[in-house]
Amino acid sequence: MAPADKPLYYFDYLQLDRLLSAQTPLSQPAAHDELLFIVTHQAFELWFKQILFELDVVLEVMGQDVVAEKDMGEVVSRLQRITVIQRLLIDQIDVLETMTPLDFLEFRDVLIPASGFQSVQFRLIENKLGLDTRHRLKIKGAAYTSVLSSEHAAALAASEAEPSLHDHVSRWLERTPFLSRPGFDFWTAYRQAVSDMLAGDRAVIETHPTLDEGAKAEQLAMFNQTVAGFEAAFDAQRWAELVAAGKRRLPHRAFLAALLINLYRDEPIFQLPFRFLTTLIDIDEGFTTWSHRHALLAHRMIGGRIGTGGTAGHGYLEAAARRHRVFTDLFDLPTFFIPRSARPDLPAEVAEQMGFRFGYPDQRHPDQ
Ligand code: HEM
């Protein structure tokens with residue numbers, strides 16, 4: 001609090017003396033674009049700080065043994081703010097691309113061996129979201145932390161050991177009470193519905209009036225792949241093996257809950273959980289889009305050269321954008337969707353539990 005006799009001053013409140021004296025270009029003679037390069041990176045790091053601040057609140061709420069329904073609204077708002085910041089981060093690349101590759105060459109060598117690869121905040125975001133360490137690309141056989149100070153490497157090792165957002169989401173999904181209610185077992189009902197749907201689809205191909213035998217065989221071969229995909233989802237044991245091998249991440253029960261929320265997302269109780277899961281997909285997509293965009297930036301700036309941090313350059317960045325994903329199981333969910341028309345009906349009692357309890361007698365508003 002400012003003393004009462006001294007009004008708060010904008011410059012002091014924002015500590016602009018420190019902020020605006022923290023840009024120190026190193027090139028000799030001074031390269032004009034180095035300031036832009038520094039400012040852009042600093043702006044990114046400030047936004048990373050804000051993203052981490054929002055993420056920490058989300059982690060705290062989602063880390064509770066029971067997450068109150070009323071807290072989910074705040075969680076979704078915090079995550080949506082992150083998605084808006086991500087759009088800004090992607091747009092900021094345009095500003096940096098006003099620098100040409102030749103302008104960059106004027107000062108690039110002074111950066112070696114520093115690189116955005118050493119951005120601790122970026123790595124913290126990845127770890128807090130829940131990037132699987134087994135999926136991380138190695139650089140010359142070494143872990144991503146090998147290029148960091150011991151203090152930063154220790155902070156990242158600690159963050160890897162903490163439960164991530166992915167862990168919390170998994171447990172939250174597993175706790176969903178609606179997977180099995182008296183008179184309604186989602187897994188059984190869903191399997192039956194899929195089986196009916198697939199039998200119908202097979203019959204359509206087999207009895208199709210305009211497909212010749214060759215075309216039918218071709219369609220049936222593709223159809224059998226769809227069946228195999230569904231069978232993997234039906235087999236909890238097989239699913240657990242895929243999780244152990246790092247090919248799936250959500251435990252089977254959590255996967256089923258995510259499916260349930262998506263299929264019955266019109267039910268009032270699932271509307272916020274559905275938005276939550278959708279926002280997680282948005283965030284994953286936001287970072288992946290940024291990563292691809294950043295890989296293109298690197299390609300146009302340095303061509304096929306290696307990066308200042310010693311990776312293969314844009315090739316490494318493209319591979320990282322493809323591999324460093326977190327909520328891939330949520331992206332894959334539509335593989336297992338069935339149309340609303342094929343969806344099992346909910347018993348009336350379960351539908352009532354999923355609805356808002358409040359109702360006027362005879363469903364009529366008192367003014368009517
Ligand atoms: C001229 C502009 C840029 C070029 C040419 C460039 C190039 C590269 C390259 C080649 C890498 C791979 C590591 C290495 O070998 O150095 C990298 C990594 C990285 N850069 Fe940039 N970069 C640029 C701007 C930025 C900006 C503005 C940011 C914002 C913070 C940034 C953040 C990162 C991050 C976070 C990584 C690690 C990515 C990962 O491992 O998935 N870079 N950059």
Side-chain angles (χ1 to χ4, degrees), residues 22-23 25-27 31-52 85-148 152-153 156 159-160 283-326:
Q23 295 73 35
L26 295 177
S27 51
H32 178 86
D33 283 4
E34 194 180 349
L35 181 64
L36 176 75
F37 186 81
I38 294 173
V39 168
T40 312
H41 280 81
Q42 288 181 336
F44 266 95
E45 291 291 340
L46 281 175
W47 284 121
F48 289 163
K49 178 173 180 163
Q50 186 68 36
I51 290 175
L52 286 166
I85 295 173
Q86 287 178 315
R87 291 206 287 275
L88 200 65
L89 295 185
I90 294 165
D91 281 351
Q92 279 193 54
I93 290 183
D94 288 343
V95 184
L96 200 51
E97 283 180 348
T98 61
M99 171 176 79
T100 67
L102 269 185
D103 295 334
F104 184 41
L105 269 184
E106 294 294 313
F107 64 94
R108 179 175 186 258
D109 285 352
V110 304
L111 306 174
I112 297 170
S115 162
F117 193 80
Q118 295 169 324
S119 169
V120 176
Q121 292 201 104
F122 183 78
R123 300 300 181 207
L124 276 176
I125 293 172
E126 289 180 329
N127 289 346
K128 283 177 190 257
L129 285 175
L131 180 61
D132 188 335
T133 42
R134 291 174 297 179
H135 290 167
R136 276 198 185 278
L137 291 172
K138 292 207 177 334
I139 305 305
K140 298 178 197 130
Y144 71 106
T145 46
S146 64
V147 292
L148 297 176
H152 286 155
L156 288 170
S159 80
E160 278 181 13
I283 289 189
D284 200 319
E285 187 170 307
F287 279 120
T288 306
T289 307
W290 181 81
S291 295
H292 283 297
R293 187 72 177 74
H294 169 259
L296 284 173
L297 160 77
H299 198 178
R300 71 185 272 169
M301 286 295 168
I302 61 172
R305 290 173 190 234
I306 60 165
T308 53
T311 73
H314 84 91
Y316 158 81
L317 292 169
E318 278 298 349
R322 276 195 307 278
R323 270 178 69 129
H324 292 177
R325 306 271 305 276
V326 179

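Given the structure is predicted, the values throughout are model-derived calculations rather than measurements. Counting convention: from 1, in listed order, for ligands and their atoms alike.
Neither the backbone nor the side chain of Tyr144 comes within contact range of ligand 1; no heavy atom lies under 4.0 Å. When heavy-atom distances to ligand 1 are checked against a 4.0 Å cut-off, Arg123 comes that close only through its side chain, counted from C-beta outward. Contacts between Ile306 and ligand 1 below 4.0 angstrom, taking non-hydrogen atoms only, are absent altogether. In Phe287, neither the side chain nor the backbone holds a heavy atom less than 4.0 Å from any atom of ligand 1. Using a 4.0 Å cut-off between heavy atoms, Met99 contacts ligand 1 through its side chain alone, with no backbone atom that close.
Within a 6.0 Å sphere centred on NE2 of His135, heavy atoms belonging to other residues, nucleotides or ligands number more than 12.
The two residues Asp284 and Val326 make their nearest non-hydrogen contact at OD2-N, 3.0 Å. Listed here is the closest heavy atom pair of Ser27 and Glu34: OG-OE1, 2.6 Å.
Classification of the Phe107-Phe37 ring pair by plane angle, with boundaries at 30° and 60°, yields perpendicular. The aromatic rings of Phe48 and Trp290 lie perpendicular to each other, with more than 60° between the two planes, well past the 30° mark.
A search for salt bridge (charged side-chain N to carboxylate O under 4.0 Å, His left out) contacts involving Arg108 returns nothing, not counting sequence neighbours. Residues passing the ring pair (Phe, Tyr, Trp, His ring centres under 6.0 Å) test with Tyr316 are Phe117, sequence neighbours excluded. Considering only residues two or more places apart in sequence or on other chains, Glu160 meets the side chain to side chain donor-acceptor pair (under 3.5 Å) condition with Tyr144.
Interface atoms of ligand 1 facing Ala320, defined by a heavy-atom separation under 4.0 Å, are 41 (O). Taking every heavy atom of Met301 and a limit of under 4.0 angstrom, the matching atoms of ligand 1 come to 1 (C), 5 (C). Atom numbering of ligand 1 starts at 1 in the shown order; those under 4.0 Å from a heavy atom of Phe37 are 1 (C), 2 (C). The contact set between ligand 1 and Gly313, taken as ligand atoms under 4.0 Å from a residue heavy atom, comprises 10 (C).
Of all protein atoms, those that are N, O or S and lie under 2.8 Å from atom 21 (Fe) of ligand 1 total 1.
When hydrogens are left out, the protein atom nearest atom 32 (C) of ligand 1 is Trp290 CH2, 3.7 Å; that is the closest non-hydrogen contact. Among all non-hydrogen protein atoms, the one lying nearest atom 30 (C) of ligand 1 is Phe44 CB, 3.5 Å. Ranking protein heavy atoms by distance to atom 2 (C) of ligand 1, first place goes to Leu96 CD2, 3.6 Å. For atom 26 (C) of ligand 1, the nearest protein heavy atom (residue, atom name, distance) is His41 NE2, 3.1 Å.
For the residues Leu111, Thr311, Leu89, Leu36, the heavy atom positioned nearest atom 15 (O) of ligand 1 is part of Thr311.
Checked by atom type and distance alone, the side chain of Glu45 never pairs as donor or acceptor with a backbone atom of Gln121 at under 3.5 Å. In terms of modelled atom types and a separation under 3.5 Å, the side chain of Ser115 and the main chain of Thr308 share no donor-acceptor contact. With hydrogens and angles disregarded, a donor-acceptor distance shorter than 3.5 Å links the side chain of His324 to the backbone of Leu137. Gln50 contributes no side-chain N or O that, together with a main-chain N or O of Ile85, makes up a donor-acceptor pair within less than 3.5 Å.
The pair Asp132-Arg323 fails the salt-bridge criterion, with no side-chain N (NZ, NE, NH1 or NH2) lying under 4.0 Å from an Asp/Glu carboxylate O.
Residue Ser291 places no heavy atom under 4.0 Å from ligand 1.
Note: no N/O pair closer than 3.5 Å links His314 and ligand 1 by distance alone. At least one N or O atom of Tyr316 sits closer than 3.5 Å to an N or O atom of ligand 1.
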Exercise. Which is it for Arg293 and Asp94 under the salt bridge (Lys or Arg N to Asp or Glu O under 4.0 Å) test, yes or no, and what are the steps along the way?
Worked result: CA-CA 10 Å; Arg293 187 72 177 74; Asp94 288 343; 2.7 Å; yes
